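One is the number of the first residue; the rest follow in order along the sequence. When a ligand or atom number is given, it counts from 1 through the structure's own listing order. A quick note: this is a predicted structure, and the numbers were derived from the prediction, not measured.
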Amino acid sequence: MTPVRQCDVLVVGGGPAGSTLAAMLARAGLEVVLLEREAFPRYHIGESLVPEVLDVLEESGALPAVEAAGFLPKAGGVFRWGAHPEPWSFRFDEAKDRYHRHYAYQVVRSTFDALLLDHARACGAEILHGFAAREFFEVGPAGGAGLAGGRVLASAHDGEPREFAARLVADCSGQAGWLASKLRLRKYDPFLRNVALFGYFRGAARLPGRDANSILCEAMDLGWLWNIPLHDGTNSVGLITQAGACPAAGERTRFYESAIQKSVYVRDLLSPAARTTELRCIADYSYRPSRLVGPGFLLVGDAGNFIDPIWSTGVFLATTGARLAARAIGEALRTGDHRALLEYETAIRRLVGRYRQFIYFFYRTNAAPANYFWKAYSLVNGAVDPEDAFIRLVSGRLGV
Ligand SMILES: Cc1cc2nc3c(=O)[nH]c(=O)nc-3n(C[C@H](O)[C@H](O)[C@H](O)COP(=O)(O)OP(=O)(O)OC[C@H]3O[C@@H](n4cnc5c(N)ncnc54)[C@H](O)[C@@H]3O)c2cc1C
């Protein structure tokens, strides 16, 4: 058996949460080992970013590589949603805030995630691909005072078990929820129980003018559709439908295609296009954890919380979670006091809770855009007016 690998922080999972956390901790001088079960680049859904992601990546140092990758810049979004019969749009630069970056990107996640992980390696984190975390053991602090650490057993690509010992373990394993399922921490949202069916098209038309690279979301009787143009010439097109309405596997392609045919705006954009990939299906049930922090561990990104993809908040919450976790871990390891980790938990619960409230309202209220703006106004501190609050919310600009 190979000797136990000791480190300050063991990060499990190399998606945006894990790679951003590893980069930030390594830049702060901590010894970081990251286990990723897949070889990269690997496929992942979740292509549409919001502006705040770029600010977090500026802080982690990954932004120059992302800016140089050629991804499509995204000015905002277009929605056919609610009581308004025509599509309505918003632009990030309509915010009356102090931020200078009012755009985001539509990213091909295999490329984006690999860039972030390469950056974490360049910052000094040790990245081990083909390593899947299996078992977790809390290691109590000597004498009972101070921070507990963690021991992890992982299986490696060569079939050999490996052991790691860390002052803290950060679970960034995404929806797979390594620790959340092991410790039974995950609670599913009874309202947001949806299924996503998605594929990629080539040859689609673009929205006119400045909306050309924007995400289009179109509500319809079967659920809602997204259309995201990507820099490789493809479009990501997905249907979100209630779990109870989604047919059995053999019927899904017909269901997905009929949803596109029943739509107005997505169908129009796709009329010159052909689907070039198989259809993928993922249950995008939303969930939260009974706790985000425990003895020797914390959960970051989708490993802790997932809320509906309607506002493209997944990568934002994963990277912002990593930013907050990096600060908390640095403080906890420096002082030996776990209170910083509890503050991390409180901050994430507040942040995710605001988006959850907004998304509930958005799904449940067949309203005019102005009603959505007013709801945002009730959730965002310091906004100038309801429109400003809305743009800040959908940009991820909540001052966290
Ligand atoms: C239908 C749908 C559409 C979405 N659209 C968007 C969007 O447009 N914009 C957006 O921002 N977000 C979107 N999201 C959400 C987004 O994909 C996620 O929020 C984001 O990927 C979370 O990042 P993460 O790092 O927490 O997890 P992930 O990106 O899932 O990364 C987790 C990593 O952990 C690894 N792993 C898992 N288990 C283990 C283990 N035991 N050991 C080692 N490694 C392990 C996995 O291989 C993976 O690489 C969407 C989600 C869904 C379901």
- What residues, two or more places apart in sequence or in another chain, satisfy side-chain hydrogen bond (donor to acceptor under 3.5 Å, both in side chains) together with W81? none
- Measure from the ring center of F316 to the ring center of Y355 and say whether it is less than 6.0 Å. yes
- atom 48 (C) of ligand 1: which protein heavy atom is closest, and how many Å away? E36 OE1, 3.5 Å
- Query: Can you check whether R42 has an N/O within less than 3.5 Å of an N/O in ligand 1?
  - Reply: yes
- Task: Run the numbers for me: atoms of ligand 1, each under 4.0 Å from some heavy atom of S48, listed by number.
- Result: 7 (C), 8 (O), 9 (N), 10 (C), 11 (O)
- Task: Quick one: look up the protein heavy atom nearest atom 34 (O) of ligand 1 and list residue, atom name and how far away it is.
- Result: G13 CA, 3.3 Å
- L270-I228 co-clustered via ILVMFWY side chain contacts under 4.5 Å: no
- Note on the structure: ligand 1 to E38, heavy atom cutoff 4.0 Å, flagged ligand atoms 47 (O)
- What atoms in ligand 1 come closer than 4.0 Å to a heavy atom of G174? 27 (O), 30 (O), 32 (C)
- Item | Per-residue contact class, S312 against ligand 1 - non-hydrogen pairs under 4.0 Å | both
- Parallel, tilted or perpendicular: ring planes of W311 versus F79, cut at 30 and 60 degrees: parallel
- Would you mind telling me if ligand 1 is within reach of the side chain of F131, the backbone, both or neither, using heavy atoms under 4.0 Å? backbone
- Query: Out of curiosity, is R134 lining ligand 1, as in a heavy atom under 4.0 Å away?
  - Reply: no
- Query: Do S263 side-chain atoms and R267 backbone N/O form a donor-acceptor pair below 3.5 Å?
  - Reply: yes
- Task: Report, in ascending order of atom number, the atoms of ligand 1 lying under 4.0 Å from any heavy atom of L35.
- Result: 43 (C), 44 (N)
- In this structure, atom 37 (C) of ligand 1 is nearest to the protein heavy atom S173 O, 3.2 Å
- Item | Audit row: R356, N305, side-chain contact (heavy atoms from CB on, under 4.5 Å) steps and yes/no | CA-CA 11 Å; R356 188 178 293 110; N305 288 280; 3.8 Å; yes
- Message: Do F92 and K74 have side chains that approach each other closer than 4.5 Å (heavy atoms only, starting at C-beta)?
- Response: yes
- Item | Proximal ligand 1 atoms for G301, defined as those under 4.0 Å from one of its heavy atoms | 26 (O)
- Task: Considering heavy atoms of the protein only, find what lies nearest to atom 53 (C) of ligand 1 and give residue, atom and distance to 0.1 Å.
- Result: D284 CB, 3.6 Å
- R186 to Y285 six-membered ring, cation-pi geometry met (6.0 Å, 45°): no
- Message: As an exercise, identify every atom of ligand 1 less than 4.0 angstrom from a heavy atom of V12.
- Response: 40 (C), 42 (N), 43 (C)
- Message: Could you tell me, atom by atom, which parts of ligand 1 come under 4.0 Å of a heavy atom of A318?
- Response: 22 (C), 23 (O), 26 (O)
- Which atoms of ligand 1 sit under 4.0 Å from any heavy atom of A196? 1 (C)
- Shortest protein contact, atom 13 (C) of ligand 1 (heavy atom only): G46 CA, 3.4 Å
- Task: Please write down residue, atom name and distance for the protein heavy atom closest to atom 4 (C) of ligand 1.
- Result: P309 CB, 3.6 Å
- Message: Please determine whether the number of non-hydrogen atoms from other residues, nucleotides or ligands lying under 6.0 Å from atom CZ of R350 exceeds 12.
- Response: no
- Task: Record the part of S19 in heavy-atom contact with ligand 1 below 4.0 Å; permitted values are side chain, backbone, both and neither.
- Result: neither
- Item | Residue of the set D189, I307, D302 for which side-chain contact (heavy atoms from CB on, under 4.5 Å) holds with Y287 | D302
- Query: With a 6.0 Å cut-off on ring centres, are Y103 and Y105 close enough?
  - Reply: yes
